[in-house]
There are 2 protein chains.
Amino acid sequence: MTHDPDSDRAAVSVTVDLVIFTVRDDELQVLLVERGKAPYLGQLALPGGHLRGKETLDDAALRELKEETGVDGAHLHLEQLRTYSDPQRDPRGRVITAAYLALGSNLPVPVAGTDAREAYWMPVGTALHDHMLAFDHASILGDALERARSKLEYTTVATAFCRELFTVTDLRRVYEVIWGSALDPSNFRRKITRADGFLEPTGQRRIPATGRPASLYRKGPPHLLMPPFLRSYNGTLEQGAQVA
Amino acid sequence: MTHDPDSDRAAVSVTVDLVIFTVRDDELQVLLVERGKAPYLGQLALPGGHLRGKETLDDAALRELKEETGVDGAHLHLEQLRTYSDPQRDPRGRVITAAYLALGSNLPVPVAGTDAREAYWMPVGTALHDHMLAFDHASILGDALERARSKLEYTTVATAFCRELFTVTDLRRVYEVIWGSALDPSNFRRKITRADGFLEPTGQRRIPATGRPASLYRKGPPHLLMPPFLRSYNGTLEQGAQVA
DNA sequence: TCAAAAGTGTTCTACTTACACCCATGC
DNA sequence: GCATGGGTGTAAGTAGAACACTTTTGA
């Protein structure tokens, strides 16, 4: 916010990139678009676009989300992830990008975007392989994945991946898919049904193909999980980016 | 990162603002500068400056930190907090700012900055009162405070507030000052001396004015605290910014 | 009656909490 | 000695992990 008239201020373009996660086919998938022009022509990239004159980054993220998925943002979780600013990240010039993380359920198979790009859902593991993504998007995607994983520990956002009505088992599958590990059904049920405000009972039930019907719940308001629901102890992992 | 040649791209200036925290006089204090020009002439603000052509935001944050405190960043913790982008946040025009959080110990009383601004350490509680800060800096400072508080739960960054050599009680005071609540000395000691890699014993001791000498430790490498060291249960607080 | 999934109960262990108590130093 | 802070021990309560067991449905 200050004040050095003699410094060489960068002429900067600002974009917003979206990491849109959903759970499909028992996998965590991310929405990617095929680039229609250079650089990285034909390669896959995160959806995104330029910040406009009168909007906040949040506005821009919501607008891009709507353009790419047709979803209006009311029923999904959207949060700012981090801003990426390597001067070399875009060969065309100085472009910094604010990355956003969006978590949703039941997101539509995307239609062609505004400039006729093809968009696809792809498993996150696949997208992270082999320099498949343009720019620094693999790095952004990696950060988003870690953020999603840890948010599942400390908050109730996992419900953002579920439909309007869902069972405890539906929610457990979200955790299992995103954490990549199996959870004990009994302990999971106890934990989250006790956590105040995580689930709202509806009294309705869902009859499965086979087996006992399951109670259906609605998501409660998003909040912190207290106590948190920790992944199994991995040892020592650095949390968050540190500069120095 | 994309691709709408016809959109009205914003002409944006990019700055970096620093929330530099230190513990002085048993209080959490933040470094503020007195603005030397309009807008908000004479008011207090977070130190910061414009992003330059060939640097990352991290580089810019380190540079500003050095300019404001003379500290070279090697001995403190620095991380990106969030980017603030309200179109009205700066009356001069479109300026978005990437806020950084810096945690340090024993930071010097700042000298006059490059453009002869006065800089002060001020208790965070005081700085948050009464619209004292320029721009949206009170909001940034509030976010930084919450980030610092929660990082103390999940990581070992609290040692960033301590000098080279410190006692368990020194570290406990950091937690008490930042969380604003008293902690049981016995349980605190057990918890953090067990946490692998939090503290490195030095074999040295410090003789206090009165009482038994205390063992001196050095900080271990920063990492996640597992299991975390949770603040006492506050109920339901929203963690992190959510857009929709 | 059987398979399958939902849901409950039980035991063991580990961690938190609260607090009593001992230790090492200066005065 | 005694005051002061450093440091250890311990018992009660709570939460997680593992897993046996019961319930409810369709076939």
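In the text below, chain A, chain B and the rest are named by the order of the sequence lines, each starting its count at 1.
Distance, A:R194 CZ to C:dT8 P: 11 Å, rounded to whole Å. Between the CZ atom of A:F188 and the P atom of C:dG7 there is a distance of 12 Å, given to the nearest Å. Nucleotide D:dG16 holds its C1' atom 14 Å from the CD atom of A:E153, rounded to whole Å. If you measure from atom CG of A:N187 to atom C1' of C:dA6, you get 15 Å, rounded to the nearest angstrom. The distance from atom CG of A:L199 to atom P of C:dG7 is 11 Å, rounded to the nearest whole Å. Atom-to-atom, CE of B:M226 to P of D:dG16 comes out at 12 Å; the value is rounded to the nearest Å. The separation between B:L225 atom CG and C:dT16 atom C1' is 15 Å, rounded to whole Å. When rounded to the nearest whole Å, the span between CG of B:L230 and C1' of C:dT17 equals 14 Å.
A 6.0 Å sphere centred on CZ of A:R206 holds more than 12 heavy atoms belonging to other residues, nucleotides or ligands.
Across A:T155, A:T156, A:D196, a single residue satisfies side-chain contact (heavy atoms from CB on, under 4.5 Å) together with A:H223, and that is A:T156. With B:Y100 as reference, B:L78 is the one residue of B:L81, B:L78, B:D17, B:L46 to meet the side-chain contact (heavy atoms from CB on, under 4.5 Å) rule.
A salt bridge does not link A:R82 to A:E146: none of the charged nitrogens lies less than 4.0 Å from a carboxylate oxygen. Residues A:R218 and A:E164 are paired through a salt bridge, judged by an N-O separation under 4.0 Å between the basic side chain and the carboxylate.
A donor-acceptor pair under 3.5 Å links the side-chain atoms of B:D184 to the main chain of B:S186, judged by distance alone. With hydrogens and angles ignored, the 3.5 Å screen pairs a side-chain donor or acceptor of A:E153 with a backbone N or O of A:R231.
For the pair B:K191 and C:dT16, the criterion of a side-chain N or O lying under 4.0 Å from OP1 or OP2 is met. Between A:S186 and D:dA18 there is no side-chain N or O to OP1 or OP2 distance below 4.0 Å.
Nearer the 5' end of DNA chain C, as judged by each residue's closest nucleotide, is the contact made by A:S215, out of A:S215 and B:D184.
Side chain B:R190 to base D:dT10: a donor-acceptor pair is found below 3.5 Å.
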Summary of protein contacts for nucleotides 21-27 of chain D, nucleotide by nucleotide, where a base hit scores B, a sugar-phosphate-only hit scores S (4.0 Å, heavy atoms): --BBB--

Before giving the answer on ring-ring contact (aromatic ring centres under 6.0 Å, His included), spell out for A:W179 and A:F229 the whole-Å C-alpha distance, their side-chain angles and the decisive distance to 0.1 Å. CA-CA 12 Å; A:W179 284 353; A:F229 185 29; 5.6 Å; yes

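Contacts of residues 167-176 of chain A with DNA chain C (heavy atom under 4.0 Å): A:T169.
Contact between A:A138 and A:L128 at its shortest, heavy atoms only, is O-CD2, 3.6 Å.
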